[in-house]
Amino acid sequence: MPELPEVETIKRELEKAVLGKKITKVSILNPKVIKEPSAEKFKKELEGVTIKSILRKAKLLIFELSNGKFLAIHLKMTGQLIYPGTGSKLARVIFGLSDGKNLDFNDGRLFAELRLVDDWQKLKFIQGLGPEPFDLSVDKFKEMLANKKTKIKPLLLDQTFISGCGNIYANEALFRAKISPERPANSLSDKEKELLFKELKETLKEAIAHKGSSVDDYVQLSGEAGGYAKYHKVYDREGKPCLRCKKTIKRITLSGRGTYFCPQCQI
DNA sequence: AATGGGACCTGCGCGC
DNA sequence: TGCGCGCAGGTCCCAT
């Protein structure tokens with residue numbers, strides 16, 4: 001489900017909603033989503049602790065807890081955090097809080113991963129992450145693309161290369177930079193690399209400002225939809241006219257992911 | 001080394 | 001109304 005802007009939205013809302021509150025009860029409705037430690041330990045070690053801070057690293061949410069541990073949540077495709085909880089049939093873990101309300105963790109497809117760990121920085125996923133676009137200089141970005149023969153779009157989705165961008169925003173950034181998703185990364189001119197880098201950051205920033213894109217399952221912490229989907233210029237617009245040149249938007253599959261682009265103005 | 005396909009799962013929308 | 005199919009925002013693993 002969510003990419004960097006969606007996870008950032010949830011992070012900011014969690015800070016307002018649950019910071020300083022105690023987790024009084026953990027109800028595990030489907031233990032499949034708990035990757036470590038065991039479901040029993042997970043419950044035992046979380047009950048009674050206070051939420052001290054909320055962090056985000058790429059698409060990973062991290063709760064810093066008063067017992068020195070960290071709860072790391074990756075929402076993957078369909079994970080949701082909802083507060084106050086509503087007891088959806090897709091709720092997999094329900095955290096009862098000291099304010100009498102629940103924080104629900106929902107996940108239709110059961111891809112999401114919850115981990116209670118001593119040190120989030122040691123997580124394999126974290127160790128493999130490339131830099132977020134906001135932590136990169138344009139020069140470094142250009143240098144990173146220089147030796148890459150891979151198609152640019154799959155490269156933008158490679159979290160070990162650059163982290164935080166997912167399928168929607170990769171499509172959007174390439175459209176805005178007028179670059180074909182199939183171009184080998186090292187074939188981009190300096191100007192194109194600069195433009196792509198700028199558009200990628202701007203797309204992510206705009207998406208954060210609108211509290212994310214509600215496509216399929218993503219919602220804000222309150223359960224409300226995010227507002228950015230109506231500003232998408234190319235994602236999910238197959239068969240519709242390009243907003244720049246009116247040519248029909250095409251959909252292809254690149255490394256297994258739906259890829260939308262304008263065959264005329266993205267070159 | 002890099003790429004591609006399948007796996008992990010469930011639910012939804014579509015065409016028939 | 002019901003069924004089967006294709007599709008889904010992410011990541012990991014394995015084969016080539």
Side-chain angles (χ1 to χ4, degrees), chain A residues 1-10 29-36 56-61 72-81 88-93 105-115 123-130 132 144-175 181-187 200 203-204 207-208 210-220 225-239 251-260:
Chain A
M1 111 183 243
E3 310 179 26
L4 187 154
E6 288 74 30
V7 182
E8 177 65 20
T9 299
I10 294 171
L29 297 127
N30 191 327
K32 208 161 245 175
V33 295
I34 296 167
K35 301 300 172 182
E36 70 179 287
R56 178 191 61 75
K57 209 69 192 163
K59 303 173 194 171
L60 192 71
L61 266 176
I73 300 184
H74 200 307
L75 300 166
K76 294 281 184 87
M77 300 278 257
T78 55
Q80 299 176 327
L81 280 166
S88 153
K89 62 176 180 176
L90 298 176
R92 309 305 190 187
V93 182
F105 171 75
N106 304 339
D107 183 26
R109 284 169 81 179
L110 297 175
F111 286 176
E113 301 188 347
L114 276 62
R115 292 190 159 82
L123 286 167
K124 199 173 138 205
F125 174 77
I126 290 289
Q127 302 238 318
L129 281 182
E132 290 186 14
M144 284 164 63
L145 292 186
N147 307 317
K148 290 285 182 182
K149 291 181 217 160
T150 320
K151 290 177 179 147
I152 185 65
K153 164 138 187 285
L155 191 60
L156 292 177
L157 296 181
D158 179 353
Q159 301 297 299
T160 68
F161 180 76
I162 192 166
S163 64
C165 180
N167 201 31
I168 293 177
Y169 301 118
N171 279 296
E172 293 295 315
L174 286 166
F175 175 83
E182 299 195 85
R183 284 272 296 284
N186 63 2
S187 76
L200 176 59
T203 307
L204 295 174
I208 292 171
H210 288 93
K211 300 184 189 293
S213 299
S214 282
V215 175
D216 295 339
D217 293 314
Y218 165 74
V219 288
Q220 304 177 49
Y228 195 61
K230 62 173 175 282
Y231 299 103
H232 293 174
K233 298 182 196 304
V234 73
Y235 181 78
D236 205 21
R237 296 198 67 246
E238 183 185 17
R251 180 192 189 277
I252 58 172
T253 300
L254 282 187
S255 359
R257 317 306 307 282
T259 301
Y260 301 86

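Keep in mind the model is a prediction, meaning the values are calculated, not measured. Note on naming: letters A, B, ... go to the chains in the order of the sequence lines (proteins, then strands), and numbering restarts at 1 for each one.
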(request) Measure the distance from NZ on A:Lys149 to P on B:dA1 and round it to the nearest whole Å. (result) 13 Å
(message) Just the rounded figure in Å: distance from C1' of C:dA8 to CD of A:Glu3.
(response) 12 Å
(request) For A:Leu75 and B:dC8, give me the distance from atom CG to atom P, rounded to whole Å. (result) 22 Å
(message) What is the separation between atom NZ on A:Lys151 and atom C1' on B:dA2, rounded to the nearest whole Å?
(response) 12 Å
(message) Among A:Lys76, A:Lys124, A:Arg92, exactly one meets salt bridge (charged side-chain N to carboxylate O under 4.0 Å, His left out) together with A:Glu113. Which residue is that?
(response) A:Lys76
(request) Using whole Å, report how far NZ of A:Lys32 lies from C1' of B:dT10. (result) 11 Å
(message) Nearest 0.5 angstrom please: A:Glu6 CD to A:Leu204 CG, how far?
(response) 9.0 Å
(request) Using modelled atom types only, decide if a donor and an acceptor are shared between the side chain of A:Ser214 and the backbone of A:Tyr218 within a distance under 3.5 Å. (result) yes
(request) Identify whether the distance between the nearest side-chain nitrogen and carboxylate oxygen of A:Glu172 and A:Lys233 falls below 4.0 Å. (result) no
(request) Can you tell me, in whole Å, how much space there is between the P of B:dC9 and that of C:dC13? (result) 14 Å
(message) With nearest nucleotide decided by heavy atoms, which residue, A:Gly256 or A:Asn147, maps closer to the 5′ end of DNA chain B?
(response) A:Asn147
(request) Give one of base, sugar-phosphate or nothing for A:Thr150, where a contact means two heavy atoms less than 4.0 Å apart. (result) sugar-phosphate
(request) Classify the nucleic acid contact of A:Tyr169 as base, sugar-phosphate or nothing, counting any heavy atom under 4.0 Å across all strands shown. (result) nothing
(request) Would you give the length of the straight line joining atom CD of A:Glu3 to atom CD of A:Glu8, rounded to the nearest 0.5 angstrom? (result) 14.0 Å
(message) Quick check for you: among B:dC8, B:dA2, C:dA8, whose closest atom lies nearest to any side-chain atom of A:Phe111?
(response) B:dC8
(message) Expressed as a whole number of angstroms, how long is the span from A:Asn186:CG to B:dA2:C1'?
(response) 13 Å
(message) Please report the distance, rounded to the nearest Å, between CD in A:Gln80 and P in C:dG10.
(response) 15 Å
(message) Please check: side-chain N/O of A:Thr9 versus main-chain N/O of A:Pro5, any donor-acceptor pairing under 3.5 Å?
(response) yes
(request) Could you tell me whether a side-chain N or O of A:Thr78 sits under 3.5 Å from a main-chain N or O of A:Asp107, the two making a donor and an acceptor? (result) no
(message) Between A:Gln159 and A:Leu157 (side chain of the first, backbone of the second, donor and acceptor by atom type, cut-off under 3.5 Å), is there such a pair?
(response) yes
(message) What is the separation between atom CG on A:Leu110 and atom P on B:dA7, rounded to the nearest whole Å?
(response) 18 Å
(message) What's the separation between atom CZ in A:Phe105 and atom CG in A:Leu90, rounded to the nearest 0.5 Å?
(response) 10.5 Å
(request) Go ahead and write out DNA chain C as dot-bracket, 5' to 3': ( ) for pairs within the strand, [ ] for ones crossing earlier pairs, | when the partner sits on another strand, dots for unpaired; Watson-Crick or G-U wobble, both distances under 3.5 Å. (result) .|||||||.|||||||
(request) Do nucleotides 11-16 of chain C as a string where each nucleotide becomes B, S or -: B if the base has a protein heavy atom under 4.0 Å, S if just the sugar-phosphate does, - if no protein is that close. (result) BSS---
(request) At under 4.0 Å between heavy atoms, which parts of nucleotides 11-16 of chain B does protein reach? Answer with one letter per nucleotide, 5' to 3': B base, S sugar-phosphate only, - none. (result) S-----
(request) Examine distances only and state if a side-chain atom of A:Asn106 and a backbone atom of A:Gln80 form a donor-acceptor pair shorter than 3.5 Å. (result) no
(request) Please state whether the rings of A:Tyr169 and A:His232 are parallel, tilted or perpendicular, taking 30° and 60° as the class boundaries. (result) perpendicular
(message) Strictly distance-based, threshold 3.5 Å: is any side-chain N or O of A:Lys35 a donor or acceptor partner for the main-chain N or O of A:Lys32?
(response) yes
